[in-house]
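Below is one structure, written out as structure tokens; the observations come after it.
Numbers here are sequence positions counted from 1. Values in this document were obtained by computation on a predicted structure and should not be read as measured data.
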Amino acid sequence: MPKAHLGKIAALTLTGLLSLNACSASAPQTEESSLPVPSAEEFLPLLAQTQSDGDKLPEGFEDTDSYDAQTRHLLATSDFGKHYVAAGNEGQLCMVTIPKPEQKDGDFEIAGTTCPTMDYVVENGVPLKVDGGENSLEVVTYLMPAGISSVTVENSMTGLRAEHPDIKAEDIQVISENDAVLLVMEEATAKELGTITISRSEADPLVLASLT
């Protein structure tokens, strides 16, 4: 069973420079994709754009050596953290999540990265879980494969919330930015939801990798 690649990002905290490992899950699918496999830049044209100040990592964070830092861009900011993408050194698509501090004025303190191969991305998207630091949220992020709209994801989440009335609408966020769709939530929410299935009208349902 293939594993998502683990990256490492250093975070400068009040206690010094800490080396922090990403948290990810085993990829659930072992079959090779039958779909055409694009490059990371073809899948996300954002990667080929010129970087701006908004693409910088928060102060104290450094790029991992698993991806090309010149391709790193801020994909989206959610209620749960910051989400970046970059082209991997071996053609993969890398995603970096930096969880939001629990306190309103707190500092970002931890990050996680994963770099699955493009054949995996085409079929499954990019799943990533980052265990929060001492004062940060524990965040689960899914970058959807191509062809899945934010409306499709929202509809599936509405159905799941109906089965879990304790989960509020704000506990799950669907973001459509930069030609990508992200599904983001805290780990506790993902654990309560259990298996997350995205229904598709013209294809088999997408079962997201379990990260809890």
Side-chain angles (χ1 to χ4, degrees), residues 1-9 21-35 37-38 40 43-44 64 66-67 75-76 78 80-86 88 90-99 110-132 137-150 152-161 163-164 167 171-176 180-200 203-212:
M1 185 176 294
K3 283 185 177 293
H5 299 277
L6 296 182
K8 185 178 290 183
I9 288 182
N21 286 322
C23 300
S24 187
S26 298
Q29 192 163 331
T30 57
E31 296 181 2
E32 292 186 3
S33 171
S34 59
L35 300 173
V37 180
F43 185 84
L44 271 183
T64 172
S66 60
Y67 61 76
L75 182 64
S78 72
F80 305 97
K82 293 179 177 291
H83 312 276
Y84 299 81
V85 287
E90 298 180 1
Q92 318 98 308
L93 176 60
C94 298
M95 184 167 65
V96 178
T97 289
I98 304 180
I110 193 168
T113 183
T114 186
C115 295
T117 58
M118 287 307 302
D119 58 345
Y120 180 86
V121 173
V122 167
E123 291 281 0
N124 305 281
V126 183
L128 175 62
K129 182 185 79 171
V130 183
D131 290 335
L137 301 178
E138 296 187 348
V139 178
V140 169
T141 307
Y142 293 99
L143 171 60
M144 295 293 135
I148 296 184
S149 69
S150 58
T152 296
V153 180
E154 287 279 13
N155 289 341
S156 295
M157 293 302 100
T158 298
L160 271 176
R161 283 198 300 267
E163 300 172 10
H164 302 272
I167 295 179
D171 293 335
I172 302 171
Q173 190 169 10
V174 179
I175 304 171
S176 180
V181 177
L182 282 176
L183 174 63
V184 193
M185 65 193 76
E186 290 189 61
E187 182 187 5
T189 301
K191 188 173 184 179
E192 185 171 350
L193 287 175
T195 300
I196 300 176
T197 302
I198 308 298
S199 299
R200 295 183 281 191
D204 293 335
L206 171 66
V207 180
L208 300 181
S210 176
L211 299 177
T212 62

* **Distance (rounded to the nearest 0.5 Å) between I198 CD1 and N155 CG** => 10.0 Å
* Do M185 and L193 come within less than 4.5 Å of each other through their side chains, counting heavy atoms only? -> yes
* Out of curiosity, E138 CD to I110 CD1, how far, rounded to the nearest 0.5 Å? -> 9.0 Å
* Please walk me through it: do K82 and V96 pass side-chain contact (heavy atoms from CB on, under 4.5 Å)? -> CA-CA 8 Å; K82 293 179 177 291; V96 178; over 6 Å; no
* Nearest heavy-atom pair of V126 and L93: which atoms, and what distance? -> CG2-CD2, 4.0 Å
* Asked: So, T64 and T113: side-chain donor and acceptor under 3.5 Å apart, yes or no?
  -> no
* Do T114 and P127 have side chains that get closer than 4.5 Å, going by heavy atoms? -> no
* Considering residues at least two apart in sequence or located in another chain, which fulfil the side-chain contact (heavy atoms from CB on, under 4.5 Å) criterion with S199? -> S156
* Asked: Is any side-chain heavy atom of M157 less than 4.5 Å from a side-chain heavy atom of I196?
  -> yes
* **Test side-chain contact (heavy atoms from CB on, under 4.5 Å) applied to T141 and F80, step by step** => CA-CA 9 Å; T141 307; F80 305 97; over 6 Å; no
* Is any side-chain heavy atom of T97 closer than 4.5 Å to a side-chain heavy atom of V184? -> no
* **Close side-chain approach of Q173 and L182, heavy atoms under 4.5 Å** => no
* Are side-chain heavy atoms of M95 and L44 found at a separation under 4.5 Å? -> no
* Residues which pass side-chain contact (heavy atoms from CB on, under 4.5 Å) with R200, listed by chain and number, not counting sequence neighbours -> I148, A203, L206
* **Least distance between heavy atoms, C94 atom then Y67 atom** => SG-CB, 3.7 Å
* To the nearest 0.5 Å, tell me how far M144 CE sits from S176 OG. => 11.5 Å
* **Residues forming a side chain to side chain donor-acceptor pair (under 3.5 Å) with S78, sequence neighbours excluded** => H83
* Structure fact -> Heavy-atom nearest pair, I172 first then R161, reads CD1-CG, 4.0 Å
* Shortest non-hydrogen separation from Y120 to A209 and the atoms involved -> OH-CB, 4.1 Å
* Kindly indicate whether the side chain of M118, heavy atoms from C-beta on, has any atom under 4.5 Å from the side chain of P38. => yes
* Asked: Can you name the one residue among N124, L183, V174 that meets side chain to side chain contact (heavy atoms under 4.5 Å, CB included) with Y142?
  -> L183
* Do the non-hydrogen side-chain atoms of T152 and V181 ever get within less than 4.5 Å of each other? -> no
